[in-house]
2 protein chains.
Amino acid sequence: MSAGRRTAPPEKALTRQAEDYLKCIYEIEQGGAPAATTDIAEQLGIAAASVSGMLQRLARLGLVSVERYRGARLTAPGRAVALQLLRRHRIIESFLVTKLGYGWDDVHEEAERLEHAASAELIDRMAEALGNPTTDPHGAPIPTAAGRVDERRLASIADLPIGARARVVRMSDRDPEFLRYLAKRGIVPGATVRVAAREPFDGPITLTVGRAKQAVGAAAAAAVYVDGAAREPRTGKV
Amino acid sequence: MSAGRRTAPPEKALTRQAEDYLKCIYEIEQGGAPAATTDIAEQLGIAAASVSGMLQRLARLGLVSVERYRGARLTAPGRAVALQLLRRHRIIESFLVTKLGYGWDDVHEEAERLEHAASAELIDRMAEALGNPTTDPHGAPIPTAAGRVDERRLASIADLPIGARARVVRMSDRDPEFLRYLAKRGIVPGATVRVAAREPFDGPITLTVGRAKQAVGAAAAAAVYVDGAAREPRTGKV
DNA sequence: GAAATAAGTTAGTACGTACTAACTTATGGT
DNA sequence: ACCATAAGTTAGTACGTACTAACTTATTTC
Ligand SMILES: [Mn+2]
Ligand SMILES: [Mn+2]
Ligand SMILES: [Mn+2]
Ligand SMILES: [Mn+2]
C-alpha cells in the first residue's frame, strides 16, 4: 500500500477525455512531429478551440509540453499514461475477439469506452487469460504493464514499389467498414501481398493477394502496414 | 435501425452519475417509501444539496418524479434505466468471478465503473458465456434484457425468530471486508443457518452454521437475506 | 516581401456536477 | 400549539468540457 514510484504524486484520476487526448497525441507523435492542434481536433471530432483549452490543462498537470502555435508533445508522465491506456485498449480488444466472439472489425468502439473503466487488475487478468499476447487483433503491439512497447515505424502498402512482396502486420482499426472491406479482399494481419501495379498521382494500387488481384485506393493502402517488404526475387516463386 | 419504442425519444446517453443516481433510487425505493434526499446523499457519498440539484435534472428528463421535501420516485423510463444498469452490474460481477477468477468480495467496485461503459451487446455476450445466470455472486437477481426482475422482498437474518432455520440467498455487496467476514464464518449464498439465540435491544444474534456457532451483530444480520425461513420442526433434525 | 490563407488562440457562453453557507419546511416531543 | 432539531432547498462558487465568434500568428503563394 505504501510502495509506489517516487516520481508519481497523489495523481487524482484523469478523466476519460484527458486520457483520450493523451492517447491521441501519442499516436500523432508517432508520425515524428509534435501533435498539432488541428490534428488532435480532427481525430477526436472536437473543435480546435476546445483542444487549445484542454492542452493548457494537460500542460498544467505536467502531462504535455505545449509550444504555442507549434503543437504538443507528451512528457514522460503523459507518455506513461498514454501507454497504459493503449495497453488497456488493446488487451480489451483482444479479449473481446478471443473470448467473447466479437468480430475484429467491431471491437474498437467498445474498447474505446471500456479502456477508461477497467482497472490494472482486470487488464492483467484478461491478459493472462489470453496468454499475454503481444499484439491486438489489428496487429498493433500491446505495451507491457511496465510501459514498454514496440515503436518501430512500419512501411505501408502505399510505400511499396512495384513487384514488392510483404506480409501484412497491422492496420488502422478506426473504421469497421474499412476493416470489413479489407477482410473481404483477404487483406488481414498475416496475409502476404504483392504489388502488381501502381497508378501514378496517388492512383489505385493493384495487389496480388493469394490467387486474386485487387485494386485498392491509395488512402486505403496507406492504412495497411507491412513487414519485411522485399522486392520479388528474380527467380520468384511464392 | 428504425424500430425503437414510440415512448423513447432520441435519448442522449445518460452520464455515469445520472445512472448511478437512478440505480440508487431504485434500491432505496425497494424499501417501500420514496427515496429521501439524505438517503441518496449518504449512499452516494455526496452532499444533500448536490442531490437536490440532480433530482431536478432527472425530473426534467422525465426519469424521476420529485415531490418537494418528500423524496423521489422513479418513473417508468427511469426504472427501465435502473434495471438495465442493474443487469449490467450483476452480469459483470458474475463474469468477473466465474471467468476471470475474481473473488466474490472484490468485484463490486470494478463493476461499479464498468457498468457504465459496457454496451448491451457486450452484456448479452457475457450473459450467454455464463449460461444466462439469474443471480449474481452475492445472490442478487439479474434483470432480464427485457427488464423483468424478481423483486420479492426477502427476510433478513435479523428478522428471524429464535429457532428458525433458513437458507442464505443474498447479501449486501458494498463492503468487501464485510463479505470476507461473512465468508469466513460460512455465511455465503446457499448456506443454511439456524438462529440459536438472540439478545434483545438489537444485540448479537447467535447462529448455527454447519456445526459451528457464530455470534453476529444486528447490523450484519440485517444485511444477510434468507429464503424459506421456517421454525425448526418439533421433531427437529437437520 | 506583401497579401492571402491556414492554423491556432482567446473571449464569452453553456451545461453538468459538486461544494459550502444560509435559509426554509417538516416533524416529534412536550 | 410550539419549538427544537432534522431534513431539504436555494444561492453562490468552482471546475471540466465543449461550443461559436472574433482575433492573432504562421505559412504559402505570387
Ligand atoms: Mn482500437
Ligand atoms: Mn477512449
Ligand atoms: Mn455489486
Ligand atoms: Mn456505477
Side-chain angles (χ1 to χ4, degrees), chain A residues 9-25 28-29 31-73 78 81 85 112-113 115-117, chain B residues 9-25 28-29 31-73 78 81 85 112-113 115-117:
Chain A
E11 238 175 57
K12 213 175 114 247
L14 293 170
T15 62
R16 177 190 148 100
Q17 287 90 332
E19 285 191 330
D20 276 337
Y21 270 84
L22 294 173
K23 187 174 65 171
C24 177
I25 293 166
I28 294 171
E29 265 195 285
T37 300
T38 345
D39 292 354
I40 300 171
E42 198 208 355
Q43 286 280 317
L44 298 179
I46 270 175
S50 311
V51 173
S52 282
M54 179 63 107
L55 288 182
Q56 290 174 210
R57 255 170 273 138
L58 293 175
R60 187 154 49 75
L61 294 172
L63 297 168
V64 305
S65 70
V66 183
E67 216 178 324
R68 226 144 144 267
Y69 290 102
R70 287 279 136 95
R73 284 179 178 288
V81 171
L85 185 62
E112 200 55 61
R113 282 174 285 106
E115 63 186 357
H116 309 285
Chain B
E11 236 174 59
K12 210 174 116 248
L14 294 170
T15 62
R16 177 193 146 102
Q17 286 90 329
E19 286 190 331
D20 276 336
Y21 270 84
L22 294 172
K23 188 175 65 170
C24 177
I25 293 166
I28 294 171
E29 266 195 286
T37 301
T38 343
D39 293 354
I40 301 170
E42 198 207 356
Q43 287 279 317
L44 298 179
I46 270 175
S50 311
V51 174
S52 283
M54 179 63 107
L55 288 182
Q56 289 173 211
R57 256 169 272 135
L58 293 174
R60 188 154 47 76
L61 294 173
L63 298 168
V64 304
S65 70
V66 183
E67 216 179 322
R68 223 142 146 272
Y69 291 101
R70 287 280 138 96
R73 284 179 177 290
V81 171
L85 184 63
E112 200 55 60
R113 282 174 284 109
E115 63 187 356
H116 309 285

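In this text the structure is predicted, and so the values were computed from the model without any measurement. Residue numbers start from 1 in every chain, and the chains themselves are labelled A, B, ... in the order their sequence lines are given, proteins ahead of strands.
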Next on the checklist: Whole angstroms only, please: what is the CG-P distance between A:Leu63 and D:dG16?
Outcome noted: 13 Å

Next on the checklist: Just the rounded figure in Å: distance from C1' of C:dT9 to CD of A:Glu67.
Outcome noted: 15 Å

Pairs under 3.5 angstrom, nitrogen or oxygen only, protein versus nucleotides 18-20 of chain D, please.
{"from": "D:dA18", "atom 1": "OP2", "to": "A:Tyr21", "atom 2": "OH", "distance (Å)": "3.3"}
{"from": "D:dC19", "atom 1": "OP2", "to": "A:Ala47", "atom 2": "N", "distance (Å)": "2.8"}
{"from": "D:dC19", "atom 1": "OP2", "to": "A:Ser50", "atom 2": "OG", "distance (Å)": "2.6"}

Checklist entry - NA contact type, A:Arg16, heavy-atom cut-off 4.0 Å: base, sugar-phosphate, or nothing? => result nothing

Checklist entry - How far does CE of B:Met54 sit from OG1 of B:Thr15, to the nearest 0.5 angstrom? => result 5.0 Å

Pairs of donor and acceptor atoms involving the side chains of residues 42-52 of chain A, under 3.5 Å and at least two apart or interchain, shall be tabulated with distances.
{"from": "A:Gln43", "atom 1": "OE1", "to": "A:Arg174", "atom 2": "NH1", "distance (Å)": "2.9"}
{"from": "A:Gln43", "atom 1": "OE1", "to": "A:Arg174", "atom 2": "NH2", "distance (Å)": "3.4"}

Next on the checklist: Measuring to OP1 and OP2 of C:dT9, would you say a side-chain N or O of A:Arg70 lies under 4.0 angstrom away?
Outcome noted: no

Checklist entry - How long is the gap from CG on B:Asp39 to CD on B:Glu29, to the nearest 0.5 Å? => result 11.5 Å

Checklist outcome for this item: Reading nucleotides 1-7 of chain C from 5' to 3' and marking B where a protein heavy atom lies under 4.0 Å of the base, S where only the sugar-phosphate is that close, and - otherwise, the string is ------S

Checklist entry - What's the CG-P distance between A:Leu22 and D:dT17, to the nearest Å? => result 11 Å

Checklist entry - For B:Thr15, which contact category applies under a 4.0 Å heavy-atom criterion: base, sugar-phosphate, or nothing? => result sugar-phosphate

Item to check | Rounded distance [0.5 Å steps], CG in A:Leu63 versus CG in A:Leu22 | outcome: 5.5 Å

Checklist entry - Measuring from A:Glu115:CD to A:Lys23:NZ, what's the distance to the nearest 0.5 Å? => result 3.5 Å

Checklist entry - CG of B:Leu61 versus C1' of C:dG16: gap in Å, rounded? => result 11 Å

Checklist entry - Taking atom P of C:dG16 as reference, at what distance in whole Å does atom CG of B:Leu55 sit? => result 15 Å

Checklist entry - To the nearest Å, how far apart are B:Lys12 NZ and C:dC15 P? => result 10 Å

Item to check | side chain to side chain contact (heavy atoms under 4.5 Å, CB included) assessment of A:Arg113 paired with A:Arg16 | outcome: CA-CA 8 Å; A:Arg113 282 174 285 106; A:Arg16 177 190 148 100; 3.3 Å; yes

Item to check | Atom pair CD (A:Glu112) and CG (A:Leu85), whose distance is rounded to the nearest 0.5 Å | outcome: 7.5 Å

Next on the checklist: For B:Ala72 versus B:Val66, what's the shortest heavy-atom pair and its separation?
Outcome noted: CB-CG2, 4.3 Å

Checklist entry - Looking at B:Gln56, does any N or O in its side chain come under 4.0 Å of the phosphate oxygens OP1/OP2 on D:dT9? => result no

